[in-house]
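Contents: one structure, followed by commentary.
Just so it is clear: chains get the letters A, B, ... in the order the sequence lines come, proteins before strands, and each one is counted from 1.
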2 protein chains.
Amino acid sequence: MEMKKDRRVLRTKTKIRDTFAKLIDQKGLDRVTVKDVTDHADINRGTFYLHYQDKYDLLEQSEDDLLEGIKRIAKELDTVNMKKWDSRREPHPAAEKYFSYLKEHSVFVKAVLGPKGDPGFQNKLKNLIATQIKMRLTDLSKEKLPIPSDYLIAYVVSAHLGVVQHWFEGGLKESPEEMADMLSNMNFYGPLAAGGLK
Amino acid sequence: MEMKKDRRVLRTKTKIRDTFAKLIDQKGLDRVTVKDVTDHADINRGTFYLHYQDKYDLLEQSEDDLLEGIKRIAKELDTVNMKKWDSRREPHPAAEKYFSYLKEHSVFVKAVLGPKGDPGFQNKLKNLIATQIKMRLTDLSKEKLPIPSDYLIAYVVSAHLGVVQHWFEGGLKESPEEMADMLSNMNFYGPLAAGGLK
DNA sequence: CAGATTAATCAACACCCTGTTGATTATCTT
DNA sequence: AAGATAATCAACAGGGTGTTGATTAATCTG
């Protein structure tokens, strides 16, 4: 479908996006201007508008590309071994790939998930995670639960996001495997029990 | 110490802050300009600069005032009945007051914690919550834990924040008591067990 | 209440960033 | 090598910023 033949556009677009990510991390999203990006990327400002409408268009395209990558991982491993995996007790086999993927795109992810980033992206990511969780807990809405299911999901999903954010803040010291295990344990046994405090 | 005698400054400052909160909710923080605020608040733009340096100064002062209120509640009930309360098994007595306080300031809180708000405020609030939790789990750093304590805290604190955000997104349908119970249960028993899914 | 004080208004200023245009140059594709 | 297309450059009006000095209006104090 999409053929990005010309190497020139590819070069400038990646230069723009990389610079953008760095600047968000440095100055914070709202303080980054188009002029900033083009200056630091050593590109004419007019060229920017050949590819993006404005700063927010650039942000959205960057975010959506990243999310597409995550969805790809999710689908890839959803279809394969859903039957083998006994659900909930051990980390989902996709989890490690997921953390690895985030690490690959660490500059941008760190920037937008950080305190000077984009809260809208946090939301998009949470929605994606929520969708994945709901797929595994279909019985959830039918039973009478002591706690509303939407709050359960909000709890787990936000906790998940927080762990990811903490991972990035700390400089990605833990391996993707460790992260997947940690998260799975806290979700299943509860944070206090998993931490040995109960 | 601080005497805010003149009624004029009080009026304009509250007009500015109220308008600011509404505009953040409507347009998103980065799209709100000083001109926006003063226009909607029916105030001369020059007057704005008599009280705040710029948009970010206004944001910070608004946030810090709110956080001070939360700290006040925390301290108030920390000192009083720490000995009576058996810790961790039932909601902290301050929790309900805390949720009530957030509800009182719902316009601003909803705005800054929403997807078009300020991720920096999320951080500030998380740090405050983390401090409170650490006070109750002093033994935490000494033991050998199966999961690093900072990740435990990141998990619980982010889950907490997510529940609050979900409460606001849903229009504050649940009462502060319900919220306090819900949160306490999910933290202690783990989200899955508390939800009846284990 | 009257006078002094201080806040709010208003107009004007230079400055910076935006988004667009038309013409020119450089680069890539075939 | 020729044609196509991307990048550059200069210029533009428009809009927001932060500051200034002068004027008007509201509040506080005695």
Rounding to a whole Å, what distance do you find between [X]:[atom1] and [N]:[atom2]?
X: B/Asp54; N: C/dC16; atom1: CG; atom2: C1'; value: 15 Å
X: A/Arg7; N: C/dT30; atom1: CZ; atom2: C1'; value: 13 Å
X: A/Lys35; N: D/dT17; atom1: NZ; atom2: C1'; value: 16 Å
X: A/Lys13; N: D/dT5; atom1: NZ; atom2: P; value: 17 Å
X: A/Ile16; N: D/dA6; atom1: CD1; atom2: P; value: 13 Å
X: B/Lys5; N: D/dT27; atom1: NZ; atom2: C1'; value: 11 Å
X: B/Asn44; N: D/dT20; atom1: CG; atom2: P; value: 16 Å
X: A/Leu10; N: D/dA7; atom1: CG; atom2: P; value: 10 Å

- Base, sugar-phosphate alone, or nothing: which one does A/Thr33 contact when heavy atoms must sit under 4.0 Å apart? sugar-phosphate

Picking from [options], which would you name as closest to the side chain of [X]?
X: A/Val9; options: D/dT17, D/dA6, D/dG18; answer: D/dA6
X: A/Asp6; options: D/dG16, D/dT27, D/dA6; answer: D/dA6
X: A/Ile43; options: D/dA7, D/dT8, C/dG19; answer: D/dT8

Ignoring backbone atoms, establish whether [X] has a side-chain N or O less than 4.0 Å from OP1 or OP2 of [N].
X: B/Arg11; N: D/dT27; result: yes
X: A/Thr12; N: D/dA7; result: yes
X: A/His51; N: D/dA6; result: no
X: A/Tyr49; N: C/dG19; result: yes

- Assign each of A/Asp42 and B/Asp36 to its nearest nucleotide of DNA chain D by heavy atoms, then name whichever residue's nucleotide is nearer the 5' end. A/Asp42

- Task: Determine whether the side chains of A/Tyr49 and A/Asp54 contain a donor N or O and an acceptor N or O closer than 3.5 Å.
- Result: no

- Any side-chain donor-acceptor pair under 3.5 Å between A/Lys126 and B/Gln165? yes

- hbond_proxy B/Arg8 side chain to D/dA26 base (donor-acceptor, 3.5 Å cutoff): yes

- Query: Would you say the side chain of B/Arg45 and the base of D/dG16 hold a donor-acceptor pair, judged only by whether the two atoms sit under 3.5 Å apart?
  - Reply: no

- Task: Specify whether B/His160 and B/Phe99 have parallel, tilted or perpendicular ring planes, treating 30° as the upper limit for parallel and 60° as the lower limit for perpendicular.
- Result: parallel

- Item | Cation-pi, A/Tyr52 ring and A/Arg17 (6.0 angstrom, 45 degrees) | no

- Query: Would you say the side-chain atoms of B/Asn123 pair up with the backbone N or O of B/Gly120, donor to acceptor, closer than 3.5 Å?
  - Reply: no

- Message: Please compare A/Val34 and A/Leu50 by the position of their nearest nucleotide in DNA chain C and report the one closer to 5'.
- Response: A/Val34

